[in-house]
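Chain naming here is simple, since letters A, B, ... match the order of the sequence lines and numbering starts at 1 in each. Heavy-atom basis, side chains included; hydrogens, waters and symmetry copies ignored.
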2 protein chains.
Amino acid sequence: MNIYDIAKEAGVSISTVSRVMNHKGNVNPETRKKVEEILEKNNYTPSAIARGMVSKSMKTVSVLTVDIRVPHYARTAYTIEREFSRRGYEVSLCNTGGELEETIKYLRTAREKKTDGIVLVGSVFNTLCKNAEISGLLQNIPVVLANGKLELPNSYSVLVDDRYGVSLAVEHLIQKGHREIYYLRDMDTVSAQLKCEGFIAEMEKCGLKNARQQVLETASSIEGGIKAVEQLIRRKQKFTGIVCGEDITAAGVVKALLHYGIKVPEEVAVTGYNNSEYAKICEPQLTTIDNKPELVAMMSVQLLTSLIEKTEVYSSCTIQPELVEGQTT
Amino acid sequence: MNIYDIAKEAGVSISTVSRVMNHKGNVNPETRKKVEEILEKNNYTPSAIARGMVSKSMKTVSVLTVDIRVPHYARTAYTIEREFSRRGYEVSLCNTGGELEETIKYLRTAREKKTDGIVLVGSVFNTLCKNAEISGLLQNIPVVLANGKLELPNSYSVLVDDRYGVSLAVEHLIQKGHREIYYLRDMDTVSAQLKCEGFIAEMEKCGLKNARQQVLETASSIEGGIKAVEQLIRRKQKFTGIVCGEDITAAGVVKALLHYGIKVPEEVAVTGYNNSEYAKICEPQLTTIDNKPELVAMMSVQLLTSLIEKTEVYSSCTIQPELVEGQTT
DNA sequence: CTGAAAGCGCTTACAG
DNA sequence: CTGAAAGCGCTTACAG
């Protein structure tokens, strides 16, 4: 059943049916009523594909993320989806795993389907977008990078000042009298790099010169946190504070410390990052950094919407994280 | 740039260009090569919308879930997305919040866009699909319900035996010598109902007749778990075991018990449900039930794919959860 | 206020 | 092996 069938049944032209469906003016009220009845009676659903054919848009936005199972990405993607849904766009979900080939694959279909816009969630995309093929695929499509900066003509970004975020944690520990502070760094993204720099800068600012040697690389997982603590203990390092780049790692750290009979926060203070549910479940509850994924998502959607609809003026922006005090400091 | 431009540039007809792009036979190798060069040179991307117009499919599947931020749904959606991506389908994400109006809205656009299939993730959809408008919208579209049963002609389901899941937890506690066992029930979905029945049935099977009075309703959150424990203590109930319908609730229970100086598992044993990251972070680590979201997702994708492509034979199936012993029992 | 016609960019028989 | 033509289901000027 298509617009021709409806037109025939109503005894009008397809132009008129189209006008009625799209609530355009210039239709005789009686004609409108008759057409509406027939539409209703047949429970008619117009084809969005045919519409897309002429408008060159399917009202769809692609969200590329590393892995939706990571709570931080889930929170970001959730808000992005809800907001775009409200605005009449469908959201297609892409779990790239941070891999080049997968990202290319997703972007290719996005292009073929004429996506209205793309949100890249995660600072991995900073690195990925340096690839020529990827930046080629991104051409002429509105792109917003949630937490990162792109050097592309039609791309904008919503940055989170992760450097500042970690510096807040360090400052907090130093205020509490800690001096022997270690940083657990995970992964190799731009964001991880910035966090680490935030640690070193803040430590040095406070006259703690050895900061660079107090960075440990570890997997961002409970096990990663546990292993880091074991390493510190094995090496007989002195430490009273551990700043982590992720809540999940911090949860592992707390677990390990308690298992070794080290009191948290009395003997060692710990901070996480993300203000996630993990931080709340952790016992004692983690002091953590709120990097505001919902706000990042909101700003990204606003930016992308204005790029797509070319309405308002737009510009990139930066979000400042905040410290959320728990019981581990 | 469209197929006509390519055809003109290559000096052939659009039919030939189409044949080359779709790797169909019957093209002179030389002609093929020339067309491919021009395709390559222009970095040509065929329009999936125009293709969809004739095939009546955009190779897209809609995944409706309650809230992607719930880890269990995130895990399910992740696997669904990855599997469909592998099979050449795009996945559109819909956070319905379990609400009727939102669900209708998503299904309506899914129909307009001629989605190839729909996966409903979560047992809320059992209830929602009883609504006439919803079942109407689901007509003539392949549908798979991940954890639920639908009475629709073209719908199939992948069930998780949640009744059995909770009975495993109860059986485990009883084996460990517990008799005063409470169940924390959350929400009002079919799945929550089944879990609760599993508790009562298993308790009664073991001769514990008061089971029905040992069910507490509480929010599925850390606070929900804490409140339930406070309630039990306030009412001076005797209890040595608490079975929870969700890991997150169990995490709250453990927190509360420890705060009251009650040892876990020595004085009170606790079990969760979902085998989530929450269970692992909880200290002591939760004994929980693995309800296998990845397997549910895999089966759902297989089912839906065969429904869409009408290839293999297909049928609904049921998955049996397993107990994962942690340190809280 | 209404309709005929062109066009969106492909695929797919069909004829040659 | 190749091309002309119809068709997918709409929207959008344009003419009346």
Testing the 3.5 Å rule here: is there a donor-acceptor pair between the side chains of [X] and [Y]?
X: A:Asn43; Y: B:Arg111; value: no
X: B:Ser57; Y: B:Asp116; value: yes
X: A:Asp162; Y: A:Ser191; value: yes

Is a side-chain donor or acceptor of [X] paired with a backbone partner of [Y] at a separation under 3.5 angstrom?
X: B:Thr79; Y: B:Met298; value: no
X: B:Asp5; Y: B:Asn2; value: yes
X: A:Thr305; Y: A:Val301; value: yes

For [X], answer base if it contacts any base atom (sugar-phosphate contacts may also be present), sugar-phosphate if it contacts only those atoms, and nothing otherwise; contact means non-hydrogen atoms under 4.0 Å.
X: A:Ser47; result: sugar-phosphate
X: A:Thr16; result: sugar-phosphate
X: A:Lys114; result: nothing

From [options], nucleotide with atom closest to [X] side chain:
X: A:Met53; options: C:dT11, C:dC8, C:dG3; value: C:dC8
X: B:Ser13; options: D:dA4, D:dG9, C:dA4; value: D:dA4
X: A:Arg19; options: C:dG9, D:dG3, C:dT2; value: C:dT2
X: A:Asn22; options: D:dT11, C:dG9, D:dG9; value: D:dT11

**Asked** Taking DNA chain C as the partner, which of residues 26-36 of chain A come within under 4.0 angstrom of it by heavy atom?
**Response** A:Asn26, A:Val27, A:Asn28, A:Thr31

**Asked** When you check the gap from the basic side-chain N to the acidic O, do B:Glu133 and B:Arg108 get nearer than 4.0 Å?
**Response** yes

**Message:** Are the side chains of A:Ser13 and A:Thr16 in contact, using a 4.5 Å heavy-atom criterion?
**Reply:** yes

**Message:** Tell me whether the side-chain N/O atoms of B:Lys24 come closer than 4.0 Å to OP1 or OP2 in C:dT12.
**Reply:** yes

[N] [atom2] sits how many Å from [X] [atom1], rounded?
X: A:Met58; N: C:dG9; atom1: CE; atom2: C1'; value: 14 Å
X: A:Arg51; N: D:dC8; atom1: CZ; atom2: P; value: 18 Å
X: A:Ile3; N: C:dA5; atom1: CD1; atom2: P; value: 16 Å
X: A:Ile49; N: D:dG7; atom1: CD1; atom2: C1'; value: 15 Å
X: B:Lys8; N: D:dG3; atom1: NZ; atom2: P; value: 15 Å
X: A:Ile6; N: D:dT11; atom1: CD1; atom2: P; value: 13 Å

**Message:** Are there over 12 heavy-atom neighbours, none belonging to B:Lys114, within less than 6.0 Å of that residue's NZ?
**Reply:** yes

**Message:** Could you check whether atom NZ of B:Lys105 has more than 12 heavy atoms from other residues, nucleotides or ligands sitting under 6.0 Å from it?
**Reply:** yes

**Fill in**
By nearest-heavy-atom nucleotide on DNA chain D, the more 5' of B:Lys56 and B:Ile14 is B:Ile14

**Prompt:** In what stems does DNA chain C take part, counting only runs of at least 3 consecutive Watson-Crick or G-U pairs whose two distances fall under 3.5 Å?
**Reply:** C:1-3 with D:14-16, C:5-12 with D:5-12, C:14-16 with D:1-3

